[in-house]
Amino acid sequence: MAESLLFTVAESLIGKLTSRAIEEASLTLGVYRDLQDMKDKMALIKAFMLDAEHKKPHNNVLSEWLRQIKHVFSDAEDIVDDFECTALRKRVVNMVAAQVRMAREIKDINQRLAKVAAQRDMFGLQINEKDTHVVDMREMTHSHVNHLNVIAREDDKNKIMKLLLQDGHDKSLSVIPIVGMGGLGKTTLAKLVFNEITNIDECFPLKMWVCVSNNFELRIVLIKIRNSAPNPTSEKLENFETEQLQNHLRHTLQDQKFLLILDDVWEDDNARWDELKEIIIDTGVEGSKILVTTRSPLIATLMCSNSSNSYLLEGLSKDDSFYLFLKLAFKEGEDKKHSQLLEIGR
């Protein structure tokens, strides 16, 4: 396998590891962070291979190094393909056994990747900085929504609002996760709730929208929460230490009844969530809420101690799905001109 082919295989594997199916399967099996580590190591090795190609080395030691990479990548590809099959299955019969097996195999691959990556020093290979980072294709979200473009989510919106507006049995900060597979409209549903003027604005004088996505680093999340509050400070929060940030945020939330949206959460490390919650749990007025959107039932469980507060978002009905399909396929009123296409579409 030539260097150029190895480079192509590396790009393919990295692409698979950033796919929605792999992300969801890794969250289900509890190995998301390990697969992210695998992806990062492959990105580094891919950068070394670029340098190797430019230098056109002709020595047996480097050839052996490339053969080792070929074997590791081949085994990694088998694991990734196994993950894709797992994602396509409706259920995994023995989840514990599958998790243990996957974790063991991924750990072995990561150790082998780390070993071959370290050996680059033998050849004086340099990292091509343009290729060390896999671009995260997940876009940052915002709170604006045109409700006229949203189909058949009014009932879901009302149920979420009921959870937000109900009085809790204790004075602790309530967390309400919206859980569902990618593309169902969790973020859109959160937007509908966030922009509900009649009830939500009256109940929560302070509303904040934060897109978390893959990065749940405490310092970054604190900055995002503070910046999302009205009348943000003119101070450059990026220059603050974590201690300064948490004091600043606690002062902002003090004696405020707030609604905080944490959109697109992927972090399944319970310690990180507990650290954030500890900072804000006793700051707001009783009745403050956090609304979370996530694909992972595990994350929902970690973030919310009361399972009755978790909202599982289902897909649209067949009729609503077809209506959405028509709206995307035709301009308004044009569908009536194409009865044959309608039958095919249905």
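What you see is a predicted model, and the numbers here were worked out from it, not measured in a lab.
Of all non-hydrogen atoms in Ser288 and Phe258, the two that sit nearest each other are OG-N, 3.0 Å. Heavy atoms only, all atoms of each residue included: Asp34 and Asn110 are closest at O-ND2, 3.3 Å. Scanning all heavy atoms of the two residues, the minimum distance from Ala76 to Met42 falls at CB-CE, 3.3 Å.
Evaluation of the side chain to side chain contact (heavy atoms under 4.5 Å, CB included) rule for Ser339 yields no partner, not counting sequence neighbours. In terms of the side chain to side chain contact (heavy atoms under 4.5 Å, CB included) criterion, Glu278 has no residue partners (sequence neighbours excluded). With sequence neighbours excluded, the residues satisfying side-chain hydrogen bond (donor to acceptor under 3.5 Å, both in side chains) with Asp201 are Lys207. Shown here are the side chain to side chain contact (heavy atoms under 4.5 Å, CB included) partners of Asp269, two or more places apart in sequence or in another chain: Arg33, Glu267, Ala271, Arg272. Contacts of Gln36 classified as side chain to side chain contact (heavy atoms under 4.5 Å, CB included), with partners at least two apart in sequence or in another chain: Tyr32, Lys39. Qualifying side-chain hydrogen bond (donor to acceptor under 3.5 Å, both in side chains) partners for Arg67, counting only residues two or more places apart in sequence or in other chains: Glu64.
Ile45 has its side chain within reach of Ile69: a pair of non-hydrogen atoms, C-beta onward, lies under 4.5 Å apart. A 4.5 Å side-chain heavy-atom check between Leu164 and Cys203 finds every atom pair outside the cut-off. Using a 4.5 Å heavy-atom threshold, the side chains of Ile160 and Ile178 count as touching.
For residues 180-195, the side chain to side chain donor-acceptor pair (under 3.5 Å) pairs, not counting sequence neighbours, are Thr187-Asp263. For residues 140-159, no residue pair satisfies the ring-ring contact (aromatic ring centres under 6.0 Å, His included) rule, not counting sequence neighbours. Evaluation of the side chain to side chain donor-acceptor pair (under 3.5 Å) test over residues 148-159, restricted to residues two or more places apart or in two chains, returns Arg153-Asp156, Glu154-Lys157, Asp155-Lys159, Asp156-Tyr311, Lys157-Glu196.
Connectivity analysis of hydrophobic side chains (ILVMFWY, heavy atoms under 4.5 Å, direct or indirect) links Leu148 to nothing; its cluster partners are none. In this structure, Val145 belongs to a hydrophobic cluster whose other members, linked by side-chain heavy atoms under 4.5 Å apart, are Val150, Leu192. Taking Ile, Leu, Val, Met, Phe, Trp and Tyr as hydrophobic and joining them when side-chain heavy atoms fall under 4.5 Å apart, one finds Leu328 in a cluster with Ile151, Leu316, Tyr323, Leu324.
Residues Trp266 and Phe216 place their aromatic rings such that the two centres sit no closer than 6.0 Å.
Under the 4.0 Å criterion applied to side-chain N and carboxylate O atoms, Lys41 and Asp37 are assigned as salt-bridge partners. Between Arg295 and Asp264, none of the side-chain N atoms (NZ, or NE/NH1/NH2) sits under 4.0 Å from a carboxylate O, so this pair counts as no salt bridge.
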### Task
Verify side-chain contact (heavy atoms from CB on, under 4.5 Å) between Ile14 and Lys46, making sure each step is shown before the conclusion.
CA-CA 10 Å; Ile14 291 168; Lys46 179 169 74 78; 3.8 Å; yes
